[in-house]
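Only a predicted model underlies this, so the values are computations on that prediction, with no experimental measurement involved.
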Amino acid sequence: MARAAVCLLRCDLRAHDNQVLHWAHNNADYIIPLYCFDPRHYVGTHCYGFPKTGPHRLRFLLESVKDLRETLKKKGSTLVVRKGKPEDVVNDLITQLGCVGVVAFHEEATQEELDVEKGLCQVCGQHGVKVQTFWAATLYHRDDLPFGPVARLPDVYTHFRKAVESEAKVRPTLQLAEQLKPLAPGVEEGCIPTMEDLGQKDPGTDPRTAFPCSGGETQALMRLQYYFWDTNLVASYKETRNGLIGVDYSTKFAPWLALGCISPRYIYEQIRKYEKERTANHSTYWVLFELLWRDYFRFVALKYGRRIFSVRGLQSKEVPWKKDLQLFDCWKEGKTGVPFVDANMRELAATGFMSNRGRQNVASFLTKDLGLDWRMGAEWFEHLLVDYDVCSNYGNWLYSAGVGNDPRDNRKFNMIKQGLDYDGNGDYVRLWVPELRGIEGAAAHTPWALSSAALSQAGVTLGETYPQPVVTAPEWSRHISQRPQGRSPHPRGRRGPARTPAQHKDRGIDFYFSRKKDV
């Protein structure tokens with residue numbers, strides 16, 4: 001009897017470099033590409049009960065599922081869609097069809113996803129169906145790491161990076177056939193649910209967004225083509241990546257990477273091709289550097305398991321975190337009275353996106369200036385980020401909170417210095433905090449330092465039209481007096497990507513894990 005392979009797709013919503021589909025095409029008579037809208041993804045977060053999948057990410061996910069269905073249809077197949085737990089849906093398919101010989105999927109790294117995999121194995125065991133799994137979440141394959149089992153993963157990122165760069169190789173991408181094996185007879189493709197079906201409303205698109213892009217493999221590949229080959233923007237990425245305004249200051253690959261719409265190995269191959277045909281420089285390397293950073297968080301999750309979600313973190317460190325919900329509301333709503341923080345938090349709420357520079361700052365502010373439980377921030381990001389990736393999100397928050405496995409001693413960002421460094425004219429603040437549009441130049445970062453006459457002229461009344469700061473840190477004062485007067489000679493306004501200040505030009509992630517405090 002002809003045998004069918006159920007290909008359960010989760011965070012691998014692409015046809016290119018998809019080992020599950022590639023293997024099934026070569027080893028089964030029928031292929032059933034399957035995506036399940038798991039109801040567990042649409043409940044509250046673990047500690048604080050925010051909706052797990054917020055409106056921006058849900059819209060992006062629905063676009064990605066629709067796009068993959070269209071791509072597979074062009075290959076003579078389709079994407080079967082169901083609402084339900086994957087283990088229940090797969091059980092029903094096996095029972096209904098009677099010809100399923102194997103269930104294939106890519107392995108994930110964190111507990112909820114591993115629980116699904118355990119359930120799938122139990123279902124398949126009960127039916128005598130084979131399970132075929134693959135690892136494809138990272139640039140470097142788990143089995144190719146130079147230090148052996150993941151339990152021996154270095155606890156310092158630099159040690160990991162240097163070992164992998166010098167001793168490991170990236171596996172080549174896989175090409176999927178032009179025509180796939182057909183769907184098993186009797187399988188209905190099913191309807192793709194609407195946002196309303198899943199308890200959300202379409203958030204619309206804010207014209208100020210730095211990520212006005214749609215979900216799906218097609219858009220991801222177009223973005224790479226644009227950023228690398230059409231514009232050569234990748235050749236200046238290291239200089240522009242700390243920008244705040246506009247689409248082009250960074251690659252913006254993260255949302256597509258999070259859902260697997262683009263393969264990290266494909267990005268790697270395109271970078272190597274670009275370096276060979278156009279130019280190789282610090283910027284082209286930096287794209288790979290950050291893919292490797294993404295790998296590291298995935299491997300940290302494999303090594304430490306549930307501990308990445310623990311309030312005490314990887315060091316089992318006792319910190320007297322506060323759980324002041326009123327203070328947290330000020331943070332999440334962008335009403336802290338600290339403009340650089342508020343601008344970033346409002347951008348996140350309105351668009352589902354925030355720059356890397358912004359994320360580091362608002363996380364430091366929540367944990368170090370406000371002293372709030374870092375998991376409040378991590379779960380709020382989980383709810384809203386269009387590029388939410390469980391390993392990267394929780395890994396970054398652990399580090400920001402000082403409970404990761406990093407060498408920092410309670411390091412914190414200086415909100416005023418950061419604002420002046422990366423938004424020297426205050427353009428970003430005025431874009432997202434319109435109450436402060438009457439304040440010119442860098443003064444928009446510190447409205448409480450202005451005279452009552454200056455505030456009156458700008459139409460700002462602290463405590464009424466814009467909040468007084470909920471906290472002020474002593475280290476801010478030395479930068480308020482050094483504020484640039486008037487407009488900066490290097491404006492980073494709406495129409496152009498922000499550039500990294502010269503004094504920070506060669507700073508990489510390694511720098512941010514140093515013990516230097518004045519940042």
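Looking only at distances, a side-chain donor or acceptor of Glu217 sits under 3.5 Å from a matching main-chain atom of Ala15. At least one donor-acceptor pair closer than 3.5 Å links the side chain of Arg307 to the backbone N or O of Leu314. Formation of a donor-acceptor pair under 3.5 Å by the Lys201 side chain with backbone atoms of Pro55 is not found in this model. A side-chain donor-acceptor contact under 3.5 Å links His56 to the backbone of Ala349. Side-chain N or O atoms of Thr45 include none that pairs as donor or acceptor with a backbone N or O of Cys47 at under 3.5 Å. At least one donor-acceptor pair closer than 3.5 Å links the side chain of Trp374 to the backbone N or O of Val311. Judged by distance alone, the side chain of Asn18 and the main-chain N or O of Asp12 form a donor-acceptor pair under 3.5 Å.
Note: His46 and Phe309 fail the aromatic proximity criterion, with ring centroids not under 6.0 Å apart. The aromatic ring centres of Trp331 and Phe365 sit 6.0 Å or more apart. Separation of the Phe211 and Phe60 ring centroids falls under the 6.0 Å cut-off.
Listed by first and then second residue, the side-chain hydrogen bond (donor to acceptor under 3.5 Å, both in side chains) pairs that reach into residues 74-85 are Thr78-Glu189, sequence neighbours excluded.
Partners of Tyr274 according to the ring pair (Phe, Tyr, Trp, His ring centres under 6.0 Å) rule, which considers only residues two or more places apart in sequence or in another chain, are Trp229. Looking at residues two or more places apart in sequence or on another chain, you find no ring pair (Phe, Tyr, Trp, His ring centres under 6.0 Å) involving Tyr226. Taking the side chain to side chain donor-acceptor pair (under 3.5 Å) definition, one finds that Asn356 meets it with nothing, sequence neighbours left out. With sequence neighbours excluded, the residues satisfying side chain to side chain donor-acceptor pair (under 3.5 Å) with Lys52 are Glu112. Taking Tyr388 as the reference, nothing meets the ring pair (Phe, Tyr, Trp, His ring centres under 6.0 Å) condition, with sequence neighbours excluded.
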- When you look at Thr284 and Glu275, which way does the side-chain hydrogen bond (donor to acceptor under 3.5 Å, both in side chains) test go after all the steps? CA-CA 7 Å; Thr284 54; Glu275 289 178 330; 2.8 Å; yes
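Around atom NZ of Lys73, more than 12 heavy atoms belonging to other residues, nucleotides or ligands sit under 6.0 Å away. Heavy atoms of other residues, nucleotides or ligands lying less than 6.0 angstrom from CD of Glu196 number more than 12. Heavy atoms of other residues, nucleotides or ligands lying less than 6.0 angstrom from CD of Glu277 number more than 12.
Between the side chains of Tyr227 and Asn232, no donor-acceptor pair is found at a separation under 3.5 Å. Between the side chains of Asp197 and Thr194, at least one donor-acceptor pair of N or O atoms lies under 3.5 Å. Side-chain contact annotation: Asp206 with Thr351, donor-acceptor N/O pair under 3.5 Å absent. Of the N and O atoms on the side chains of Asp115 and Gln111, at least one donor lies less than 3.5 Å from an acceptor on the other residue. Neither side chain, Ser214 nor Gln219, offers a donor N or O lying under 3.5 Å from an acceptor on the other.
Distance check: Lys273 NZ to Glu269 CD gives 10.5 Å after rounding to the nearest 0.5 Å. The OH atom of Tyr140 lies 13.0 Å from the CZ atom of Arg171; values are rounded to the nearest 0.5 Å. To the nearest 0.5 Å, the span separating CZ on Phe289 from CZ on Arg241 amounts to 8.0 Å. Atom CD in Glu165 sits 5.0 Å away from atom CZ in Arg161 (nearest 0.5 Å). Here Trp380 contributes atom CH2 and Leu366 contributes atom CG; the two are 12.5 Å apart, rounded to the nearest 0.5 Å.
Checking Tyr48, Phe353, Trp397 one by one against Phe381, the ring pair (Phe, Tyr, Trp, His ring centres under 6.0 Å) holds for a single residue, Trp397. Looking at Arg294, Lys252, Arg359, Arg57 one by one, the single match for salt bridge (charged side-chain N to carboxylate O under 4.0 Å, His left out) with Asp387 turns out to be Arg359.
The side-chain heavy atoms of Leu79 and Lys66, taken from C-beta on, include no pair separated by under 4.5 Å.
For Arg59 and Asp202, the salt-bridge test passes: some basic side-chain N is under 4.0 Å from an acidic carboxylate O.
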